[in-house]
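Structure first, commentary second.
If you read the sequence from its start, that first residue is 1, and numbering goes on from there.
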Amino acid sequence: MATDIRGNPLSCTAAAAERLDGAIAKFHAYLADPIADIDALLAEEPDCVMGHAIRAGILATTTDKAFDAELQSSLAAAQRLAPRANARERAYIAAARHFAEGRMQDATETWSGIAIEHPRDLLAVQFAQLGDFFLGQSQMLRDRVARVLPSWHRDMPGHGFLLGMHAFGLEECGDYARAEAAGREAVARNPQDGWAAHAVAHVMEMQGRAAEGAAFMTETAPGWSPDSLFAYHNWWHVALFCIDRGDIAGALRLFDERVSAGGFGQALEAIDGSALLWRLWVLGHDVGDRWSRVAPAWSARLGHGVYAFNDAHAMMAFVATGDRAAQREVIATLERAAAGPGTNAMMSRDVGLPLARGLAAFGQGDFAAAVAHILPARGIANRFGGSHAQRDVLSWTLCEAAIRAGDARMAEAMVAERLALKEGSPVAQGWAARARALARPLAA
């Protein structure tokens, strides 16, 4: 029986195990292209069950039905080989199947169980953290990593990646000092670790340190940007820093040159495209024809209904382009999902539907209705996944909607929240000035 580089059991040959290690190392760093490496291995050793199981896990965690045929093919191949697999490999197959069938929580707990049984299984930890991210489980983003840390030491291969994962979990739990220290150490040890750099960016985003954040990401980009499948998201963070500093031209340039570089070929990329343009569009900035680059990616996914977080970002594109028919289809998709099985039913019911309705109302100029729909969902928005920085788009939209509605009290409340987090932000200061102007007649 072979083992991987950290001693975890495999039922393949030693040569196949070594090649899997190489593909998995790329996945840890989100470098191109672990799937291609696994495909090359499977072309020569089609009975490598772990290759099929890992491929299925990677495809499942794209949360993108566009890859469903490939995902189902991998699951079928893994299932055929399951009788000769070991218990760890069978658990990987089960986790990918859970995720593919919409049971995100079951998948995440299965990957987590593998990591408990094999605490040096870095891939299981990574898949579990991705699951917690899609589920919006901030505490578990931290704790699933923390529970395996005692089994590791600094000289083990991949220890830096583990630090980067822990850094992100610490940040999502508000432990910013420890998160930044762990993230910086991980990047120093492996400059290609885009996830660790991204954890530091999150810290600075949450603390309103836009200038520092832009500088850190720009300085470290030569390490994490080349050959990266994740760079578009890190550049999205840099664009957010630009917006918060009032550099709208810089944000648009990053959209053109970096965020859209992959052509929005997967839902995760289209999310960032929508999220960036929406923030600018809501503020009234001219984004030119850029929505025409994002909207087709969502049009191709209309009706998929696999993840409400995706559908909400699709709605942003269709609202901004005035596509009422597509907006109605998104609402219908979310309604079907809310009445169906799986984790996404809760996500669609509790957050996806009210948010989509609020975004649609914003686009129609009914800003009071936008506030009425979005405000109750904002407090429970973690239920449909994403990070604090991503879900901040709800607060962003609420500030603008309350001001445009002329609701002085609501605008004052929303802007007060913003100033408490980012007092020095030109965006927050702009909202504050407009909210004060609404309040003057009340004071008089």
Side-chain angles (χ1 to χ4, degrees), residues 3-6 8 10 12 16-42 45 48-64 67 70-71 74-75 78 88-89 91-93 95-96 99-100 107-108 110-112 114-115 118 120-134 141 144-145 148 152 156-169 186-187 189-199 223-234 262 265-269:
T3 65
D4 68 13
I5 197 171
R6 283 172 284 273
N8 298 298
L10 290 164
C12 60
E18 185 176 355
R19 293 177 69 176
L20 279 178
D21 283 332
I24 292 168
K26 286 185 177 180
F27 184 60
H28 292 327
Y30 297 103
L31 294 174
D33 181 357
I35 292 286
D37 288 359
I38 293 171
D39 285 347
L41 166 62
L42 292 174
E45 299 202 36
C48 179
V49 62
M50 193 60 165
H52 295 289
I54 294 171
R55 191 177 191 275
I58 293 173
L59 291 168
T61 52
T62 64
T63 65
D64 193 341
F67 302 113
E70 287 291 314
L71 167 57
S74 288
L75 280 174
R88 172 175 169 261
E89 292 164 335
Y92 267 94
I93 298 168
F99 208 101
T108 302
T110 301
W111 280 316
S112 181
I114 297 169
H118 304 277
R120 295 183 178 183
D121 188 339
L122 186 61
L123 182 61
V125 177
Q126 183 176 4
F127 275 139
Q129 183 166 78
L130 287 172
D132 285 321
F133 170 77
F134 292 126
L141 285 167
R144 289 195 210 277
V145 184
V148 305
W152 287 69
M156 286 182 61
H159 184 256
F161 289 126
L162 191 69
L163 286 181
M165 294 179 205
H166 196 219
F168 182 59
V187 172
R189 290 174 62 180
N190 182 1
Q192 289 185 306
D193 190 349
W195 188 260
H198 141 273
W224 52 255
S225 189
D227 299 319
S228 174
L229 300 170
F230 189 67
Y232 69 90
H233 183 72
N234 278 350
Q266 59 172 317
L268 292 169
E269 295 174 3

Counting only N and O atoms by type, is there a donor-acceptor contact under 3.5 Å from the side chain of Glu269 to the main-chain atoms of Tyr232? no
Measure the CD1-CD distance between Ile24 and Gln126 for me, rounded to the nearest 0.5 Å. 9.5 Å
Trace of the side-chain contact (heavy atoms from CB on, under 4.5 Å) decision for Arg120 with Val148: CA-CA 7 Å; Arg120 295 183 178 183; Val148 305; over 6 Å; no
All side chain to side chain contact (heavy atoms under 4.5 Å, CB included) counterparts of Ala128, not counting sequence neighbours: Trp111, Ser112, Arg144
Please enumerate all residues that pass salt bridge (Lys or Arg N to Asp or Glu O under 4.0 Å) together with Glu70, with sequence neighbours excluded. Arg55
If you take the centroid of each ring, where Trp contributes its six-membered ring, are Trp195 and Phe161 closer together than 6.0 Å? no
Considering only residues two or more places apart or on different chains, which pairs with a residue in residues 23-37 satisfy salt bridge (Lys or Arg N to Asp or Glu O under 4.0 Å)? Lys26-Asp37
Of Ile114, Ile58, Ile54, which meets side chain to side chain contact (heavy atoms under 4.5 Å, CB included) against Leu123? Ile54
Can you sort out the partners of Thr61 under side-chain hydrogen bond (donor to acceptor under 3.5 Å, both in side chains), two or more places apart, ordered by chain and number? none
Going by salt bridge (Lys or Arg N to Asp or Glu O under 4.0 Å), name the pairs with one or both residues in residues 223-234, residues two or more places apart or in two chains. none
Has Tyr92 got a side-chain atom pairing as donor or acceptor with His52's backbone, closer than 3.5 angstrom? no
Mind checking side chain to side chain contact (heavy atoms under 4.5 Å, CB included) for Gln192 and listing every partner two or more places apart, or none if nothing turns up? Leu31, Asn190
Can Arg6 and His118 be counted as having a side-chain donor-acceptor contact under 3.5 angstrom? no
Which residues pass the salt bridge (Lys or Arg N to Asp or Glu O under 4.0 Å) test with Asp121, sequence neighbours left out? Arg88
Provide the closest heavy-atom pair for Ala60 versus Ala96 in the form atom of the first, atom of the second, distance. CB-O, 4.3 Å
Provide the closest heavy-atom pair for Gly131 versus Thr108 in the form atom of the first, atom of the second, distance. CA-OG1, 3.2 Å
Apply side-chain contact (heavy atoms from CB on, under 4.5 Å) to residues Asn234 and Ser225 and explain how you reach the verdict. CA-CA 8 Å; Asn234 278 350; Ser225 189; over 6 Å; no
Excluding sequence neighbours, so at least two apart, what forms ring pair (Phe, Tyr, Trp, His ring centres under 6.0 Å) with Phe27? Tyr30, Phe127
What one should report as the nearest heavy-atom pair of Ala115 and Ala124 is N-CB, 4.0 Å
Run the side chain to side chain contact (heavy atoms under 4.5 Å, CB included) test against Asp64 and tell me which residues pass, sequence neighbours left out. Thr62, Ala66, Phe67, Gln266, Ala267, Arg301
Any side-chain heavy atom of Trp224 within less than 4.5 Å of one from Asp193? no
Scan Thr63, Thr110, Leu71 and name whichever one has a side chain to side chain contact (heavy atoms under 4.5 Å, CB included) with Phe99. Thr63
Ala186 to Gly160 - nearest heavy-atom pair and separation: CB-O, 3.4 Å
Nearest heavy-atom neighbours spanning Pro34 and Leu229: CD-CD1, 4.0 Å
Worked verdict on Val49 versus Cys12 for side-chain contact (heavy atoms from CB on, under 4.5 Å): CA-CA 8 Å; Val49 62; Cys12 60; over 6 Å; no
Rounded to the nearest 0.5 Å, what separation is found between the CG atom of Asp39 and the OG atom of Ser74? 7.5 Å
Could I get the full list of ring pair (Phe, Tyr, Trp, His ring centres under 6.0 Å) partners for His233, not counting sequence neighbours? His198, Phe230, Trp236, His237
May I ask you to test the Leu122-Met165 pair for a side-chain heavy-atom distance under 4.5 Å? yes
Would you list the atom pairs, donor with acceptor, under 3.5 Å between side chains in residues 16-23 and any protein atom, with sequence neighbours excluded?
{"unit_1": "Arg19", "atom_1": "NH1", "unit_2": "Glu44", "atom_2": "OE1", "d": "2.9"}
{"unit_1": "Asp21", "atom_1": "OD1", "unit_2": "Ile5", "atom_2": "N", "d": "3.2"}
{"unit_1": "Asp21", "atom_1": "OD2", "unit_2": "Ile5", "atom_2": "N", "d": "3.1"}

Restricting to side chain to side chain contact (heavy atoms under 4.5 Å, CB included), what partner residues turn up for Ala25, sequence neighbours left out? none
What's the verdict on side-chain contact (heavy atoms from CB on, under 4.5 Å) for Leu10 and Thr3, showing C-alpha distance, side-chain angles and the deciding distance? CA-CA 5 Å; Leu10 290 164; Thr3 65; 5.9 Å; no
